[in-house]
Amino acid sequence: MLALGITLLFLAACKKSNRGPQLIEQYGCTTCHTIPGVEGHGAIGPRLEGIGARPAISNGKVPNTPENMAKFIHEPASLNPSSSMPALNIPDADAQEIAEYLRTLK
Ligand code: HEC
C-alpha cells in the first residue's frame, strides 16, 4: 500500500514537471536573457523575471497570451516585425513548453 502511494506521488510529480528550464538552457536563451530558474546571465535582451505577470511583451507590442508567447519564441518578427530578437527556429512543441514555463514567472 505504501509502495502504491509512493508510486502515485511520483507519477503526479512527473506529470507536473515542465522541461522549460532545460529547453531554455538547450536553446541558449540565457546567452541574451537572465531567466529565473536557469543558469546564465545574458544582458543583450530584457530580464524575463515577472514576464508571466506582464500584460504585454516585446516592448508592449504583443499581448501576453499563451499562444502569442509560444509564437513569439518561435518567430519574434511574426508578431513584432521591429523586434530585435532573432528567430531561433524553435520547434512549436518546445516553444509551447518554454512559454508555459515563462508564464509561471510572476
Ligand atoms: C541573440 C539574443 C537573444 C536570444 C538568443 C534570445 N532572445 Fe529573447 N529577446 C532578445 C531581445 C534583444 C529582445 C528584446 C526585443 C523584443 O522584446 O522584441 C528579446 C525579447 C524577448 C521576450 C520579450 C521580453 C519582454 O520583456 O517583453 C521574450 C519572452 C523572449 N525574448 C524570450 C526568449 C526565449 C524563450 C529565448 C530562447 C528560446 C530567447 N528569448 C532567446 C534577444 C534574444
Side-chain angles (χ1 to χ4, degrees):
M1 211 43 212
L2 182 64
L4 178 65
I6 290 169
T7 308
L8 287 176
L9 265 178
F10 181 71
L11 286 176
C14 280
K15 209 171 165 225
K16 266 182 81 181
S17 82
N18 170 280
R19 291 187 310 135
Q22 186 195 322
L23 291 168
I24 286 171
E25 211 171 322
Q26 181 185 323
Y27 288 113
C29 311
T30 51
T31 18
C32 292
H33 295 282
T34 296
I35 306 175
V38 188
E39 267 182 52
H41 298 281
I44 294 165
R47 306 172 69 91
L48 298 187
E49 59 215 345
I51 189 87
R54 289 191 224 153
I57 61 169
S58 198
N59 293 313
K61 294 211 171 83
V62 178
N64 190 3
T65 64
E67 297 75 33
N68 281 351
M69 181 64 93
K71 210 172 159 201
F72 182 84
I73 291 166
H74 178 70
E75 197 188 352
S78 69
L79 291 172
N80 178 6
S82 60
S83 174
S84 46
M85 174 163 146
L88 302 167
N89 296 313
I90 313 272
D92 282 344
D94 289 355
Q96 259 163 37
E97 208 153 348
I98 292 172
E100 242 171 64
Y101 176 70
L102 294 181
R103 285 188 75 72
T104 67
L105 305 177
K106 302 261 160 109

Novice: Which distance, rounded to the nearest 0.5 Å, do you find between the CE of M69 and the OG1 of T65?
Specialist: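 Rounded to the nearest 0.5 Å, the CE-OG1 separation comes to 9.0 Å.
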Novice: Suppose we screen for side-chain hydrogen bond (donor to acceptor under 3.5 Å, both in side chains). Which residues come up paired with S83, at least two apart in sequence or across chains?
Specialist: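 For S83, no residue satisfies side-chain hydrogen bond (donor to acceptor under 3.5 Å, both in side chains) once neighbours in sequence are set aside.
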Novice: One pair to check against side-chain contact (heavy atoms from CB on, under 4.5 Å): L88 and I73. What are the steps and the verdict?
Specialist: CA-CA 8 Å; L88 302 167; I73 291 166; over 6 Å; no
Novice: Which residues satisfy the side chain to side chain contact (heavy atoms under 4.5 Å, CB included) test with E75, sequence neighbours excluded?
Specialist: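 Checked E75 against side chain to side chain contact (heavy atoms under 4.5 Å, CB included); matches are S78, A87.
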Novice: Of the non-hydrogen atoms in Y101 and G20, which two are nearest, and what is the gap between them?
Specialist: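 Taking every non-hydrogen atom into account, CB-CA, 3.9 Å.
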Novice: Would you check if L105 and I35 make a side-chain contact, meaning some heavy-atom pair closer than 4.5 Å?
Specialist: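 Yes, close enough: below the 4.5 Å cut-off.
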Novice: For L79 versus F72, what's the shortest heavy-atom pair and its separation?
Specialist: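 Minimum heavy-atom contact is CD1-N, 3.7 Å.
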Novice: The criterion is side-chain hydrogen bond (donor to acceptor under 3.5 Å, both in side chains); which residues satisfy it with N64, sequence neighbours excluded?
Specialist: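 Not a single residue meets the side-chain hydrogen bond (donor to acceptor under 3.5 Å, both in side chains) criterion with N64.
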Novice: Could you list all the salt bridge (charged side-chain N to carboxylate O under 4.0 Å, His left out) pairs where at least one residue sits in residues 59-72, not counting sequence neighbours?
Specialist: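 For residues 59-72: none.
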Novice: What pairs of residues pass the salt bridge (charged side-chain N to carboxylate O under 4.0 Å, His left out) test when at least one of them lies in residues 97-106, not counting sequence neighbours?
Specialist: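 Listed by first then second residue: R19-E97.
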Novice: According to side chain to side chain donor-acceptor pair (under 3.5 Å), does anything in residues 26-47 pair up with another residue at least two apart or in another chain? List the pairs.
Specialist: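 Qualifying pairs, neighbours excluded: Y27-D94, R47-E49.
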Novice: Does some side-chain heavy atom of L48 sit less than 4.5 Å from a side-chain heavy atom of L102?
Specialist: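 Yes, close enough: below the 4.5 Å cut-off.
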Novice: Do you know the tightest heavy-atom contact between A70 and A95?
Specialist: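 Looking at all heavy atoms of both residues, the shortest contact is O-CB, 3.5 Å.
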Novice: From I44 CD1 over to S84 OG, what is the distance, rounded to the nearest 0.5 angstrom?
Specialist: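 Between atom CD1 of I44 and atom OG of S84 there are 10.0 Å.
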